[in-house]
Number of protein chains: 2
Amino acid sequence: MNNNLFSALPNDKSKEHIEDLITSKNVRIERIVSYGQTSDDAFWYDQEEHEWVMVLSGSGTVEFSNGQKYTLEQGDFLTIPAHTQHRVSHTSTEQATIWLAVFYND
Amino acid sequence: MNNNLFSALPNDKSKEHIEDLITSKNVRIERIVSYGQTSDDAFWYDQEEHEWVMVLSGSGTVEFSNGQKYTLEQGDFLTIPAHTQHRVSHTSTEQATIWLAVFYND
């Protein structure tokens, strides 16, 4: 990737791609590119850090263990507090879904 | 603003608008909407925090005190280390410039 989040998309569409943009002690910023991938069935993320996540293109659905689901499209964002179990239950198969995720400590 | 960064743009185009999305001890995420505003002449930001900034729409130019200038358009991003003097020397007068800025401590 150069310095544009929409460019240099990975070629291999068989998997999800995570690239670190910033890694410091208290914050990590990632670009995540999904090509239809989802979390494994019954897999739940349970993270030490808080996460603020937005969708730059495409579409992705975040499901919480309480059953709530949020489908994010371009510009939509969501905050996921630490240890809030969640999974990605759907991403677009029509186009790349580009996520920008900021993980941070209190 | 609801939970979409492209929506509910402020009506008052006579000034720049800053909205906090996340404020925690070590990170602050802001949406900044500019309508042609720039930093005052000879004004330099000199920030305690590091800043990672991207442009979601429109166009903005960040100038550093060493003379380097970077014009950011949709998807372009830039990291500005703490105490690196900079100013915004131009933003689009054609359309809203929407910045997403992440300020963080080491």
Side-chain angles (χ1 to χ4, degrees), chain A residues 1-9 19-33 47-62 64 68-84 95-106, chain B residues 1-9 19-33 47-62 64 68-84 95-106:
Chain A
M1 183 169 39
N2 55 23
N3 288 327
N4 187 290
L5 291 163
F6 296 101
S7 71
L9 295 184
E19 292 160 275
D20 287 333
L21 305 174
I22 294 289
T23 54
S24 79
K25 184 164 162 257
N26 293 305
V27 67
R28 187 173 74 258
I29 304 179
E30 294 179 353
R31 180 178 81 166
I32 303 163
V33 180
Q47 298 168 168
E48 300 291 325
E49 307 125 319
H50 307 298
E51 178 178 354
W52 180 92
V53 64
M54 74 169 291
V55 162
L56 290 165
S57 75
S59 169
T61 302
V62 178
F64 290 91
Q68 284 190 300
K69 288 186 182 191
Y70 297 91
T71 294
L72 307 185
E73 299 188 339
Q74 188 169 54
D76 291 334
F77 63 88
L78 188 67
T79 302
I80 305 171
H83 296 299
T84 300
Q95 58 175 315
T97 298
I98 306 176
W99 311 79
L100 178 72
V102 181
F103 299 89
Y104 59 100
N105 299 315
D106 271 329
Chain B
M1 183 169 39
N2 54 24
N3 288 327
N4 187 289
L5 291 162
F6 295 101
S7 72
L9 294 185
E19 292 159 276
D20 287 332
L21 305 174
I22 294 288
T23 54
S24 79
K25 184 164 162 254
N26 292 305
V27 67
R28 188 173 73 259
I29 304 179
E30 294 178 351
R31 180 178 80 166
I32 303 163
V33 180
Q47 299 168 165
E48 300 291 325
E49 307 126 321
H50 307 298
E51 179 179 353
W52 181 90
V53 65
M54 74 170 291
V55 162
L56 290 165
S57 76
S59 168
T61 302
V62 178
F64 290 91
Q68 283 191 300
K69 288 185 183 191
Y70 297 90
T71 294
L72 307 185
E73 300 186 341
Q74 188 169 55
D76 291 334
F77 63 88
L78 189 66
T79 302
I80 305 171
H83 296 298
T84 300
Q95 58 175 315
T97 298
I98 306 175
W99 311 79
L100 179 72
V102 180
F103 299 90
Y104 59 100
N105 299 316
D106 270 328

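Lettering of chains follows the sequences in order, A, B, ..., and the numbering in each one begins at 1.
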**Study point:** Minimal non-hydrogen separation, A:N4 against B:F77, with atom names
**Key:** N-CE2, 3.8 Å
Practice item. Apply the test side-chain contact (heavy atoms from CB on, under 4.5 Å) to residues A:L56 and B:M54: give CA-CA distance (whole Å), side-chain angles for both, the deciding distance (0.1 Å), then the verdict. Key: CA-CA 11 Å; A:L56 290 165; B:M54 74 170 291; 4.0 Å; yes
**Study point:** Among A:N3, A:I22, A:I29, A:L21, the one residue meeting side-chain contact (heavy atoms from CB on, under 4.5 Å) with B:T79
**Key:** A:I22
Point to revise | Nearest atoms (heavy-atom pairs only) where B:S24 meets A:Y104 | key: OG-CD1, 3.6 Å
Check your understanding: Contact part of A:L100 toward chain B, heavy-atom cut-off under 4.5 Å: side chain, backbone, both or neither?
Key -> side chain
Check your understanding: Donor-acceptor pair, A:N26 side chain versus B:D106 backbone, under 3.5 Å?
Key -> yes
